[in-house]
Every structure is written in structure tokens, then in C-alpha cells.
Amino acid sequence: MNDDIKKGLMGVTVDVTAVSKVMPEINSLTYRGYAAQDLCSQCRFEEVAYLILNGELPNKKQYKQFLKDEIGERTLSKNLINIIKQMPKKSHPMDVARTAVSFMGLEDKETTDNSSTANLRKAMRIFSKTPTALAAFYRFRKGKKIIPPKKDLTFAENFFHMCFGKVPNKDIVKAFDVSLILYAEHSFNVSTFTARTITSSLSDIHGAISGAIASLKGPLHGGANEEVMHMMKKIKKPENALKWINNALDNKGVVMGFGHRVYKSGDSRVPTMREYFGKVAKIKKDKTFEKIYDIVEKVMIERKDIYPNVDYPTGPTYHLMGFDTDFFTPIFVISRITGWSAHIMEQHAANKLIRPLAAYNGCKHRKVLELNQR
Ligand code: COA
């Protein structure tokens with residue numbers, strides 16, 4: 001292969017960003033300069049969402065307004081609810097999220113306005129409405145009544161309420177909130193880069209986020225948290241874990257929830273999420289997946305020197321919280337909308353069309369023959 005080609009853009013720096021910084025050498029991640037783990041311990045997800053979208057943590061007045069805006073935009077239009085009710089019940093919820101965001105773009109009065117102020121307003125609407133759309137599908141496909149959003153609940157509480165009709169205890173809500181903070185932003189990952197690439201042609205935010213959702217769905221990216229759960233369900237019991245993982249590695253299998261393009265000696269988000277996974281397992285009095293988790297992790301490190309990424313602890317955590325497995329990546333979506341939106345606005349503010357080159361390796365130049373000569 002041509003030495004100039006950086007397959008998968010590995011190691012290539014393509015632009016600047018002020019949204020977040022991934023520092024694999026010191027195993028750290030900052031959003032707008034704040035360590036993600038500090039934000040997890042000191043902030044609610046909504047404060048972090050504000051930070052990512054606006055560049056600064058909110059003061060009291062700004063926070064109050066932000067909460068008002070988020071709560072005020074949660075309700076879906078009748079048309080969107082009707083569309084959700086017409087979706088095949090077997091649809092993957094990631095495709096539902098993608099379609100819902102795309103439809104929101106058809107309804108949005110500012111779709112064609114790509115100014116930073118309009119984009120921020122549109123980002124808020126997508127951020128507020130997408131959880132409602134996903135929860136509506138969650139209920140609809142089970143033949144249950146759709147539960148509208150509730151104004152006196154936090155972003156995390158409201159999602160539980162709309163999916164299950166009740167809000168769990170505060171420690172479970174906190175674990176969910178922490179997962180949202182950890183999923184909110186991660187520099188130029190594939191879905192964010194997709195969003196920026198779409199934006200670079202001066203396309204709109206609904207299109208960019210729809211594309212980002214499609215990208216996140218893949219098992220090498222966000223879809224890994226669902227795959228982790230499929231793997232854990234296959235392993236079933238801690239007694240089976242050692243044999244299963246050794247067998248998978250002997251057969252050169254890719255073990256989901258492990259490895260990362262940037263972090264090579266551990267994902268900075270894992271220790272925090274692992275701690276909250278343990279808390280949820282304790283509350284639920286179910287240590288099965290925790291035991292499987294530890295065995296698989298130990299073998300992966302010993303045999304391959306490959307460490308878990310954040311999808312490894314979030315998968316079983318969401319399972320213990322009661323979510324269907326195919327809703328794990330959609331939960332990632334409702335959080336990452338903040339990061340994507342910030343990058344879309346950043347791209348618009350200093351745009352350059354993203355158009356790389358390709359080294360052609362197809363047929364040599366040839367002449368077109370008449371139909372009867374071919
Ligand atoms: N299980 C087993 N082996 C793995 C692995 C995993 N999860 N992740 C990487 N490896 C191995 C590869 O097989 C490869 O081995 P080789 O050099 O002998 O061929 C080597 O480690 C390098 O991996 P590669 O896939 O080339 O690195 P990458 O930077 O392109 O890939 C991922 C990064 C994330 C795509 C990859 O680690 C992966 O597929 N992980 C599982 C999916 C996942 O959890 N994704 C979520 C990421 S946040």
C-alpha cells in the first residue's frame with residue numbers, strides 16, 4: 001500500500017477543537033478543560049450538557065434558563081408521535097432515533113438557518129425531544145401506552161419515567177446520569193467526524209445528527225455496548241467465563257467492549273463507570289455480570305494487553321437498570337447529541353469542506369466497446 005495512505009485516518013490530525021481533549025498518555029479526558037470524572041462527581045448531566053454546548057459551566061441563572069428550555073421542548077408533535085406509531089415494531093431503536101431526528105428537521109422552522117444562534121436552538125430541540133421519541137417507541141413496541149414527559153423531573157429521571165412509568169432510587173438515577181456524562185463527548189470519534197463531514201458541505205444540523213446516529217449504531221463504535229450484553233448473556237454464568245473468553249481468543253475473535261483507536265492502555269472513562277456498575281449491581285443484588293466482567297477483563301489484559309472501553313461497563317449497567325439491550329446505544333445517542341451539536345457548531349464557525357484524496361487502484365484506462373463487442 002502507498003505509504004502516504006493513513007487507512008482509517010489512523011494517527012492523522014484533521015482539525016482543531018476546543019470541545020474536548022483525549023489524553024491517552026495520562027489516561028485523561030477533559031470537556032472544555034474540566035476532567036470528565038470531576039464533572040461526574042460534581043455535576044448533573046444537564047450542567048455538563050450546557051458546558052459542552054456553550055463552552056462554560058452555567059451560573060445559577062443560566063442553568064435555570066437551560067433547564068426551562070430543555071423541559072419546554074420535550075414534547076413531540078402529534079405528527080411525530082403518529083410516525084413512531086407507524087414504525088415496524090421490530091425496527092432497531094437506533095433507526096427509530098435516526099428517523100425521528102430526520103423528521104424533526106422537516107418540522108423545524110429554522111432548518112435552513114445554519115447560524116450559530118439558530119443551531120444552538122435547534123440542538124436544544126433535538127436534545128430535548130429525542131429521549132421522548134425513543135421512550136415512545138420503547139412503549140409502543142411493547143403494546144404499552146406512551147407516557148408523555150414530565151416537567152418536574154430531571155433529564156435522567158424523565159427518561160426512566162417515560163420508559164418504565166416510574167423513577168428508580170436516586171443511586172440508580174445517579175449511575176445513569178454518570179453514564180450520560182461519560183458518553184457526552186469524545187473528540188473526533190467516527191460519529192462526530194461523520195457529523196463534521198456532513199456539516200462541512202454546509203448542510204444542516206438535523207442531517208448531520210441523523211448521519212452521526214447511523215455511524216454510532218455500528219458495533220465497532222456505540223453499538224459495542226449492546227454487543228457486550230449479547231456476549232455476557234451468552235457466557236451466562238461466571239463459571240463459564242474463563243473457558244468462553246479463552247476460546248474466543250484462541251479463535252481470534254474480536255471481544256466487544258475492548259480496545260480503542262486512541263487509548264491503548266485503558267479508557268479514561270472506565271474506572272468511573274466500573275464503580276457505578278458495581279453500585280448498581282449491589283443495589284440490584286445481582287453480581288453475576290460483575291463476576292463475568294472481571295474474569296473476561298483479566299484474561300483480555302493478560303493474554304492480549306487489551307483494556308476495556310466505556311461500552312464494557314455501561315452494557316451490563318443498563319441491563320441491570322432494566323433497559324432492553326437494543327436501547328443501550330440509543331441511550332448513548334441522547335447524551336452524545338450534546339457533543340455532536342458542539343462539533344457541528346464549531347465546524348460551521350471555521351468551515352473547510354472535508355474532501356480527502358484517494359489513491360486509485362482500479363482498472364487501467366480502457367476503451368468503451370460497443371454493446372455487441374463486449
Ligand atoms: N478483541 C480482540 N482483539 C482486538 C480487539 C478486541 N476487542 N481490539 C483490538 N484487537 C486486536 C486486533 O485484532 C489487532 O490485532 P492484530 O494486530 O494481531 O491484527 C490489534 O488488536 C489492533 O486492533 P485494530 O482493530 O487494528 O485497532 P483499531 O484501532 O483499528 O481498532 C477498535 C479499534 C475499537 C475498532 C477495536 O479495538 C475493536 O474492534 N474493538 C471492539 C469493538 C468495540 O468495543 N468498540 C467500541 C470502541 S469505543
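Atoms within each ligand, like the ligands themselves, are counted from 1 in listed order.
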Might you check, step by step, whether the distance between [atom] and some protein heavy atom is under 4.0 Å?
atom	answer
atom 46 (C) of ligand 1	yes
atom 40 (N) of ligand 1	yes
atom 17 (O) of ligand 1	no
atom 25 (O) of ligand 1	no
atom 31 (O) of ligand 1	no

Ring pair (Phe, Tyr, Trp, His ring centres under 6.0 Å) pairs, two or more places apart, involving residues 247-270: His186-His260, His186-Tyr263, Phe258-Tyr312, His260-Tyr263
Considering only heavy atoms of [X], which atoms of ligand 1 have at least one such atom less than 4.0 Å away?
X	result
Asp311	46 (C), 48 (S)
Val255	1 (N), 2 (C), 6 (C), 7 (N), 41 (C)
Gly257	43 (C), 44 (O)
Ala224	43 (C), 44 (O), 45 (N), 46 (C)
Lys264	29 (O)
Met300	1 (N)
His221	46 (C)

Same apolar cluster (I L V M F W Y, side chains within < 4.5 Å links), Met231/Ile295: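 As far as the 4.5 Å side-chain criterion goes, Ile295 and Met231 are connected within one cluster.
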Joint cluster assignment, Phe103 & Phe140, ILVMFWY side-chain distance < 4.5 Å: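 Result: yes, single cluster for both.
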Cation over ring face, Lys279 and Tyr276, 6.0 Å, 45°: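 Yes, cation above the ring, under 6.0 Å and within 45°.
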Looking only at protein heavy atoms, which one is nearest to [atom], and how far off is it?
atom	value
atom 21 (O) of ligand 1	Ile306 CD1, 3.7 Å
atom 2 (C) of ligand 1	Gly253 O, 3.4 Å
atom 38 (C) of ligand 1	Phe258 O, 3.9 Å
atom 13 (O) of ligand 1	Lys304 NZ, 4.9 Å
atom 48 (S) of ligand 1	His260 CD2, 3.5 Å
atom 42 (C) of ligand 1	Met256 SD, 3.4 Å
atom 28 (P) of ligand 1	Arg261 NE, 3.6 Å

Donor on one side chain, acceptor on other, Lys21 and Ser28, under 3.5 Å: no
Modelled atom types, side-chain donor and acceptor of Arg261 and Asn189, under 3.5 Å: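 Distance-only check fails for Arg261 and Asn189.
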Pairs meeting criterion side chain to side chain donor-acceptor pair (under 3.5 Å) with involvement of residues 159-176, two or more places apart: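 The answer is none; no pair qualifies.
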Minimum-distance pair of heavy atoms, taken over all atoms of [X] and [Y]:
X	Y	value
Leu57	Glu47	CD2-O, 3.9 Å
Asn27	Ser265	ND2-O, 4.5 Å
Asn119	Asn114	ND2-O, 3.2 Å

CA sep, side-chain torsions, deciding dist, call: Lys291, Asp286, salt bridge (charged side-chain N to carboxylate O under 4.0 Å, His left out): CA-CA 10 Å; Lys291 286 181 189 156; Asp286 185 351; over 6 Å; no
Electrostatic pair Asp113-Lys122, nearest N-O below 4.0 angstrom: no
Within-shell test, Gly8 vs ligand 1, heavy atom, strictly < 4.0 Å: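 No, Gly8 has no heavy atoms under 4.0 Å from ligand 1.
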